[in-house]
Structure formats: C-alpha cells, structure tokens
Student: 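Sharing a structure below in structure tokens format, with a few things to ask.
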Amino acid sequence: MKRLIIITLVLVAATALITVKYFKNLNTSGTHAGNVIRTIPDNAAVVFEFTNEKSFYDIYAGNSLLTNLIGEQVITDLDTVRNVLFNNPALLSFFTARNVFVSIHPSQSNQVELLLTASAGKDVDLTEFDQLAKQKNTGLLITPLQIGEKKGYNIYFNSLKKRFYLINIDGNIFSGSFSKDLITQNANYKPDREKQAFMLLPDQQNSNSLANLYINYEHLGPLFTQIFKNSNTDIFKPFRILPALAALNLNFKNDAVMFNGYTNIQRDKRGTYLNVFTNQQPVTNILKDLFPSTTAYALSMAVSNPAGFTTDLTDFQTRAGLKTEKDALFAKIKAETGINLIHEFTQLLGNEFAVVTTRYQEKIAIINVKNGSKLRPFMANISGMITDDVGQFNYTKLPFFLLGDAFNAFKRPYFRIIDNYLVLANSVKELESYNDTYMNRKFLNKTEQYIKFDNLLAERGNVAFFIHFKNAQQILRDGLKDDFYFAYKNNSLSWKNFYGASFQFAATDKNFYTNFCLLQNMPDTTVSKKTD
C-alpha cells in the first residue's frame with residue numbers, strides 16, 4: 001500500500017510538472033510579446049512581429065515581396081544585423097527562435113526610424129559581446145555604450161559603413177537601432193503600466209502566427225507628417241485619427257502581403273467619423289465596380305441601416321459642436337424650399353457611398369440612392385440647374401452634413417443623377433468626365449490586374465480605403481517629401497512595384513474586423529522574349 005501511494009504521488013508530481021511546462025510553453029510567446037512590446041516607446045505607429053528562425057526567412061527567399069514593402073536599403077541593413085551580428089556563433093543560441101519586433105517611429109530629423117526589440121532565449125551575459133569584440137574578421141567593430149542607466153554596445157558594420165546601437169533595456173530584452181536619437185529615447189523611456197499603446201493577440205493565436213502587425217491608428221498622424229509635405233493630406237486620413245488599436249495576422253501569398261484581424265475602438269477617447277459605422281452591419285460592396293479607370297485612391301463607405309446611420313451621424317456632429325450650424329442650414333432650406341431635406345434624403349439613401357480621387361486630382365462622389373427619379377425633384381429644388389441634368393447646390397456644406405467628414409471637399413458641388421446614383425463634383429467638367437466614364441463603361445474593374453486584386457478582398461464591409469499606385473504617382477510626387485518620393489520612384493525595389501493596396505473595415509461587436517492587402521504588379525507580358 002505504501003509503495004502504491006509513493007507511485008501515485010510520483011505520477012501526480014510528474015503530471016503537474018508536465019502541465020506546468022505545457023502551459024508555460026503555450027503562454028511564452030504571448031507573455032514575452034506583452035513584456036517586450038511594453039518597452040517600445042509609445043510614439044510607434046506600427047510594430048511588425050516575426051520569429052527569428054530559418055523557416056520564416058525561407059518562405060520569402062528569392063521573393064521580392066518584403067523587399068518591395070520595406071525597401072531595399074532597409075532590408076540590406078536588417079539582413080546585415082541578422083547575419084553578421086545575431087547569427088555569429090557567440091550569440092546565435094540567444095536570439096534564434098525568438099520573436100523580433102520592428103517598430104516604426106517618427107524622428108526629429110524628419111525621417112522615419114526603425115527600432116528592433118527582442119528578448120533573448122536565456123540569460124545573456126554582456127561579456128559575450130566583449131568576447132565577440134575581441135574576435136577577428138567578424139566584420140564588426142564593437143565598443144561599450146552607456147545611455148543613462150542602460151548598458152549596451154556601439155557596433156560598426158564594415159560592410160554597411162554605419163553604426164548600430166544596441167542596449168540592454170530590461171532583463172533579457174534588447175533593443176537596437178541605426179538611429180542614436182531613437183535608441184537614446186528608448187533607453188530613457190519609462191512605460192506607463194496603466195496605458196495600452198498596442199493591442200496584443202491571444203497567446204495561442206500569437207504562437208500559431210507566421211508574423212503579426214500591430215497598429216496604433218492615432219500615431220499614424222505624426223508618421224504621415226514625416227512623409228508628406230502637407231500633413232493634412234486626405235490619403236488615409238479618416239484612419240489616421242481613429243482612436244483604435246489593431247492586431248493583425250499575416251497570411252502568406254507569393255505575390256501579395258495580406259493581414260487580417262481586429263481593430264478595437266478605444267472607448268475612453270473622443271470618437272471620430274469612422275466610429276459612426278460601428279453600429280452598422282457589413283454590406284456587400286458593389287459601388288467599387290463604378291470607380292473610373294483613372295482612380296488614384298478612394299474611400300468607400302457602406303451602411304446596412306441608412307436611417308440609423310443618419311441618427312448616429314447627427315449625434316456625432318452634435319458632439320463635435322456642429323449642431324447650431326447644421327440646424328440653421330436645414331432650417332433655412334426648409335423655409336426657402338419647403339423641403340425637410342434630411343428626412344427626404346435619408347428615405348432615399350442607399351447602402352453605399354464613396355469619394356474617388358482620380359490621377360488628374362479630380363474628386364468625384366458617388367452615392368447610391370434607392371430611386372434616382374424620386375430624388376431628382378428634391379435636388380432641383382435646392383440647386384440652380386445649369387442644364388436639364390446638371391445643377392449646382394445653392395447651399396454650402398450639404399454633402400458634409402448629410403454624409404459626414406469624407407465629403408468635406410464638396411462645398412457647393414455640381415450634381416448629376418445617373419440611374420440610381422447621385423454623382424457630385426466640384427466642376428461641370430469633372431461631372432461630365434465621370435458621365436462619359438459611366439456611359440462608356442470605362443471602369444477600373446475592366447482590367448485584369450484589378451480583377452485579380454479584387455479577388456483578394458473581403459466581399460462585405462463598411463469602410464474601405466483603396467490606392468492604385470500607378471494612377472497615384474503624380475499625386476505622390478506632389479505630396480511626398482522629396483527624399484521619400486525619390487526612394488519611392490527611383491529605387492528598383494519599392495512600393496511602386498505594387499499594383500494597389502486596400503484597407504477594409506467590417507463592423508463587428510462595435511469594433512472592426514480588418515483586412516489589409518497589398519498586391520504586387522503582374523509581370524509585364526508585353527515584353528517579347530529574346531530569340532537566338
């Protein structure tokens with residue numbers, strides 16, 4: 001009996017040990033992710049997480065996808081850090097199979113800087129770096145570095161002819177950057193334990209993911225200020241001010257970068273225009289089929305309940321301090337025309353509306369309505385008609401108050417009703433240009449590349465941003481700061497090698513399911529092969 005009790009106790013102890021080890025291993029990546037990501041300065045806009053192991057690099061070996069996404073010089077720099085420093089036999093066991101976080105930060109020098117952060121797999125004695133410094137023919141020159149209380153190393157790469165700064169942030173967590181300013185900021189950074197700068201993935205999801213993307217939308221604004229001459233550019237603008245955090249998983253494709261996951265609204269912060277769409281249900285998106293072939297970028301919106309959208313938009317505009325101006329405008333319209341415009345327009349509003357910017361920097365609004373014939377008399381009564389089909393609104397900011405921030409560019413637009421679509425533009429010429437596009441079916445979806453791109457996108461959603469890089473080239477040339485446009489246009493590997501990008505939101509539980517897609521250009525089949 002005594003022997004049976006002892007055996008039972010041994011089995012119980014063994015089971016407990018195995019259970020503890022199992023759950024410890026299960027939670028390692030998520031726990032470490034939380035510990036590591038908290039050490040990253042909270043001005044980061046985007047953090048890319050991947051596992052430093054051969055299988056990850058093998059997936060993209062010989063594939064220019066990531067190089068086009070990140071840029072040839074940055075990839076060269078990161079590869080050198082990995083191959084020359086961390087793959088050195090003295091350090092290899094410390095960082096292999098560990099998650100690496102690459103964060104993007106604005107800088108005081110009007111540049112965008114990268115910070116690498118990782119936790120070592122076991123205790124790292126800093127003397128390991130001292131020993132590495134004594135080795136010959138390593139391609140490295142290593143000298144001690146101290147920033148405040150943080151110890152580290154100044155590492156000069158012979159092949160790059162530049163310095164990399166590495167510091168021990170906390171315990172086994174190390175951070176490195178080619179920017180002395182950023183690594184100094186990181187060394188002096190004291191995280192706020194009560195503040196969440198990034199949303200983390202559940203442990204199991206993190207451990208099963210090839211790579212992850214974390215986004216703090218509010219921090220995209222300063223990043224865009226570094227990149228664009230005019231920080232108020234409307235490219236991706238509604239997303240850049242959204243009080244929200246996202247955690248997305250990478251889905252592998254040979255010719256596309258695809259992430260999907262969740263964007264969670266921060267309820268303790270002031271809402272923005274996109275918050276209005278969280279109360280809707282995802283809608284099948286078909287309005288994009290009417291985008292002209294010259295589309296450079298577009299913002300699409302869809303609502304399952306137009307009346308509910310109007311109510312929520314009114315509430316949002318009231319909180320934004322616009323109630324007095326809005327009420328005065330529609331009271332004036334009612335007094336002068338007898339039309340309760342908000343009610344009549346809402347009754348006829350369809351499920352989708354979009355604002356398109358063309359390569360010629362024309363802005364076209366396309367609004368789906370339930371019955372174009374019934375809408376026409378209301379539009380005629382609030383407008384000055386130029387022809388039987390074209391008129392100009394008599395009142396300022398109507399599209400903005402009826403449909404929200406995305407329509408702020410249309411102060412007193414010209415309009416035309418084509419079938420069941422209300423089309424707005426800021427000139428008659430732009431309006432007639434779109435009418436020609438519609439009548440002659442000169443749509444973007446008639447091209448093979450767009451069809452391939454569209455097949456990668458979610459069919460249903462509520463908000464989507466799309467950019468066509470070739471059509472947007474002149475706009476990017478005018479808008480990007482010189483250094484960034486030069487890198488975009490003249491580097492053999494850059495974003496110009498992508499056909500298009502899309503960022504989609506589908507409302508779910510008062511938040512957004514999110515899809516991000518970048519498709520590379522198709523090979524040029526028009527180039528004839530050389531013959532012997």
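Everything numeric in this text was worked out from a predicted model, so none of it was measured.
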Student: State whether a side-chain donor-acceptor pair under 3.5 Å links Tyr360 with Ser433.
Tutor: no
Student: More than 12 heavy atoms of other residues, nucleotides or ligands under 6.0 Å from NZ of Lys323: is that the case?
Tutor: no
Student: Within the distance-only criterion (no hydrogens, no angle test), does the side chain of Asp419 pair as donor or acceptor with the backbone N or O of Tyr421 below 3.5 angstrom?
Tutor: no
Student: If you measure only the distance, is there a donor-acceptor pair under 3.5 Å linking the side chains of Asn394 and Ser383?
Tutor: no
Student: Which atoms form the tightest heavy-atom contact between Phe410 and Lys363, and what is the distance?
Tutor: CE2-O, 3.6 Å
Student: For the NZ atom of Lys326 and the CZ atom of Phe400, what is their distance to the nearest 0.5 Å?
Tutor: 9.0 Å
Student: Does the distance from a Lys or Arg side-chain N to an Asp or Glu carboxylate O, for Arg416 and Glu432, drop under 4.0 Å?
Tutor: yes
Student: Quick check on the 6.0 Å ring-centre criterion: do His468 and Tyr499 meet it?
Tutor: yes
Student: Please answer whether the main-chain N or O of Ala406 pairs with a side-chain N or O of Asp234 as donor and acceptor at a distance below 3.5 Å.
Tutor: no
Student: For Glu352 and Asn368, which I'm curious about, is there any donor-acceptor pair between the side chains at under 3.5 Å?
Tutor: no
Student: Are any side-chain N or O atoms of Glu362 and backbone N or O atoms of Ala425, one a donor and one an acceptor, separated by less than 3.5 Å?
Tutor: no
Student: Under a 3.5 Å distance rule, please check whether Asn420 uses its side chain to pair with a backbone N or O of Gly372 as donor and acceptor.
Tutor: yes
Student: Taking the side chain as every heavy atom from C-beta outward, state whether Tyr189 and Thr39 have any pair of such atoms under 4.5 Å apart.
Tutor: no
Student: Tell me if the aromatic rings of Phe345 and Phe330 count as close, with their centers under 6.0 Å from one another.
Tutor: no
Student: Please tell me whether Gln504 and Asn285 have a donor and an acceptor in their side chains that are separated by less than 3.5 angstrom.
Tutor: no
Student: Does the Thr278 side chain pair with the main chain of Leu274, one donor and one acceptor, at a distance under 3.5 Å?
Tutor: no
Student: For a quick check under 3.5 Å, do Gln474 and Asp478 share a side-chain donor-acceptor pair by atom type?
Tutor: yes
